[in-house]
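Since the structure comes first, as structure tokens, the remarks are kept for the end.
A, B, ... follow the sequence lines: proteins, then strands. Residue 1 opens every chain. None of these values were measured; they are calculated from a predicted model. Heavy-atom basis, side chains included; hydrogens, waters and symmetry copies ignored.
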Amino acid sequence: MKIATWNVNSLRVRLPHVLEWLQAQQPDVLALQEIKMTDDQFPVEQFNECGYQAVWSGQKTYNGVAIVSKHPTQDVVTDFPGWQDDQRRILAATIDGVRIVNFYVPNGESVASDKYQYKLAWLKAAKHWLAAEFKQHDKMIVLGDFNIAPEDRDVHDPAAWQGQVLCSDAERAALTEIMALGFVDSLRLFEQEAGVFSWWDYRAAAFRRNMGMRIDLLLVSAALQARCCASYVDKQPRKLERPSDHAPVILELT
DNA sequence: ATGGTGGTCCAACCA
């Protein structure tokens with residue numbers, strides 16, 4: 001089973017890249033973030049033509065998440081119970097007995113901003129909801145754009161980013177609390193060279209200089225850990241004309 | 001130190 005996550009920064013613009021990538025890579029599941037479209041605009045027919053079904057939760061202009069899958073999706077959830085939010089950032093579904101939880105975690109803008117407080121509150125709600133989900137699903141993968149670099153080795157210039165949004169202690173602590181429910185960072189199960197990132201700013205030729213961050217993660221529950229056989233970033237789509245600023249990250253299970 | 005780019009949608013917000 002091959003599972004991937006990709007922040008596409010507008011599915012309307014990136015659809016050709018996504019369809020080409022699906023055809024080439026043939027993942028069983030692809031979780032998308034920042035589709036930036038309303039539900040009625042979702043190009044489900046074009047995924048169907050490639051042999052995929054999909055579920056999605058969209059909104060106008062911002063955010064929006066989807067799960068594209070070769071196999072049927074069950075028990076779809078789009079919100080934390082009791083958490084009122086117009087921002088579409090959550091999509092969970094069970095596929096082949098695996099609970100897939102797709103998150104587009106708030107960016108947070110800067111540590112002094114209201115958006116940062118929203119991010120921390122959102123992560124707290126996420127932890128509580130995941131704890132409840134865990135009671136019903138031992139085989140879980142929480143994946144998506146976390147907008148948190150877990151450790152300094154996930155940052156091209158840790159000194160410059162120290163204490164900044166995406167790297168601050170409170171964000172990393174919130175991620176640690178989620179991991180402590182019983183998840184491991186799948187990519188770190190495998191030996192990696194230094195400088196493995198999943199996002200590079202469009203500005204300042206950041207991709208060419210590999211000035212990136214690893215903020216797109218696949219967290220796997222203990223019940224799935226023994227099935228993990230590979231996890232890696234595919235930088236190829238980031239090299240295309242008019243790319244997303246994120247690259248897909250992949251997990252392969254036996 | 002600033003601004004550098006890109007998407008949405010045409011002024012300004014978000015990343």
Side-chain angles (χ1 to χ4, degrees), chain A residues 5-21 30-43 46 56-66 68 85-91 102-123 126 143-150 154-168 170-172 174-175 197-217 233-249:
Chain A
T5 179
W6 193 2
N7 179 324
V8 291
N9 186 19
S10 169
L11 184 56
R12 191 176 294 99
V13 172
R14 234 63 69 187
L15 186 61
H17 291 186
V18 173
L19 295 177
E20 271 180 44
W21 193 81
L30 172 61
L32 301 172
Q33 303 86 37
E34 286 204 273
I35 64 171
K36 295 188 171 178
M37 55 174 51
T38 53
D39 285 342
D40 59 299
Q41 296 170 324
F42 190 85
Q46 295 178 74
W56 56 93
S57 179
Q59 70 179 89
K60 188 175 162 61
T61 309
Y62 301 119
N63 309 310
V65 284
V68 177
D85 202 326
D86 294 333
Q87 300 184 33
R88 304 287 82 202
R89 299 177 174 278
I90 300 154
L91 188 60
N102 180 14
F103 280 165
Y104 175 45
V105 176
N107 171 280
E109 191 187 28
S110 67
V111 294
S113 69
D114 290 345
K115 293 193 184 106
Y116 181 79
Q117 294 306 317
Y118 168 71
K119 180 180 195 174
L120 294 180
W122 194 99
L123 287 164
L143 76 176
D145 179 357
F146 282 72
N147 271 313
I148 301 170
D154 300 310
V155 183
H156 73 277
D157 186 348
W161 280 86
Q162 184 174 31
Q164 303 292 309
V165 75
L166 312 189
C167 301
S168 71
E171 291 164 78
R172 285 176 169 174
L175 178 60
F197 306 127
S198 64
W199 168 81
W200 301 261
D201 200 300
Y202 285 120
R203 297 166 287 187
F207 182 66
R208 182 177 57 73
R209 299 153 75 192
N210 198 31
M211 296 170 63
M213 317 252 286
R214 191 175 68 93
I215 57 177
D216 300 275
L217 310 175
V233 177
D234 181 6
K235 289 173 77 170
Q236 191 276 333
R238 188 63 177 79
K239 300 173 183 172
L240 297 172
E241 195 97 9
R242 233 183 152 192
S244 170
D245 46 351
H246 296 250
V249 187

Is it the case that the side chain of [X] and the backbone of [Y] share a donor-acceptor pair, with hydrogens and angles ignored and the cut-off at 3.5 Å?
| X | Y | value |
| --- | --- | --- |
| A:Asp216 | A:Ala247 | no |
| A:His156 | A:Gly212 | yes |
| A:Arg14 | A:Asn9 | yes |
| A:Ser244 | A:Asn7 | yes |

What distance, rounded to whole Å, do you find between the two [atom1] atoms, one in [N] and one in [M]?
| N | M | atom1 | answer |
| --- | --- | --- | --- |
| B:dT2 | B:dG6 | P | 23 Å |
| B:dA15 | B:dG4 | C1' | 14 Å |
| B:dC13 | B:dC9 | C1' | 11 Å |

Look at the side chain of [X] and decide which nucleotide, out of [options], has an atom nearest to it.
| X | options | answer |
| --- | --- | --- |
| A:Thr61 | B:dC9, B:dA15, B:dG7 | B:dC9 |
| A:Tyr104 | B:dC14, B:dA15, B:dT8 | B:dA15 |
| A:Arg242 | B:dC9, B:dG7, B:dA15 | B:dG7 |
| A:Lys115 | B:dG7, B:dT8, B:dC14 | B:dC14 |

Requested in this report: Under 4.0 Å from any atom of DNA chain B, heavy atoms only: list the residues of residues 200-213 of chain A that qualify, in numerical order.
Outcome: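 Going residue by residue through residues 200-213 of chain A, the ones with a heavy atom under 4.0 Å of DNA chain B turn out to be A:Tyr202, A:Arg203.
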Report summary line: Symbol by symbol from the 5' end, with Watson-Crick or G-U pairs under 3.5 Å, [ ] crossing and | another strand, DNA chain B is ....((((...))))
With sequence neighbours excluded, what pairs up with [X] under the side chain to side chain contact (heavy atoms under 4.5 Å, CB included) test?
| X | result |
| --- | --- |
| A:Ala121 | A:Trp83 |
| A:Asp201 | A:Trp199, A:Arg203, A:Ala206 |
| A:Asn210 | A:Phe197, A:Trp200, A:Lys235 |
| A:Lys60 | A:Thr38 |

**Report entry** Residue whose closest nucleotide on DNA chain B lies nearer the 5' end, A:Lys60 versus A:Trp199
**Finding:**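 The answer here is A:Lys60.
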Query raised in the report: Quick one: on DNA chain B, does A:Gly108 or A:Leu11 contact a more 5' nucleotide (nearest heavy atom)?
Result: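 Residue closer to the 5' terminus by nearest nucleotide: A:Leu11.
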Atom-pair distance ([atom1] on [X]; [atom2] on [N]), nearest Å:
| X | N | atom1 | atom2 | answer |
| --- | --- | --- | --- | --- |
| A:Lys36 | B:dC9 | NZ | P | 9 Å |
| A:Asn9 | B:dG6 | CG | C1' | 7 Å |
| A:Ile35 | B:dT8 | CD1 | P | 12 Å |
| A:Leu240 | B:dT5 | CG | P | 20 Å |
| A:Glu241 | B:dG7 | CD | P | 11 Å |
| A:His246 | B:dG7 | NE2 | C1' | 12 Å |
| A:Met37 | B:dC9 | CE | P | 10 Å |
| A:Glu34 | B:dG7 | CD | P | 11 Å |

**Report entry** Under-4.0 Å side-chain N/O to phosphate OP1/OP2 contact, A:Ser10 with B:dT8
**Finding:**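 Answer yes for this pair, as a side-chain N or O of A:Ser10 is under 4.0 Å from OP1 or OP2.
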Report task. Indicate the atoms forming the closest heavy-atom contact of A:Pro243 with A:Pro237, along with that distance. Result ->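 Reported closest heavy-atom pair: CB-O, 3.6 Å.
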Requested in this report: For a side-chain contact (heavy atoms from CB on, under 4.5 Å) with A:Leu32, tell me which candidate from A:Val65, A:Asp145, A:Val8 qualifies.
Outcome: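 The single option meeting the side-chain contact (heavy atoms from CB on, under 4.5 Å) with A:Leu32 is A:Val8.
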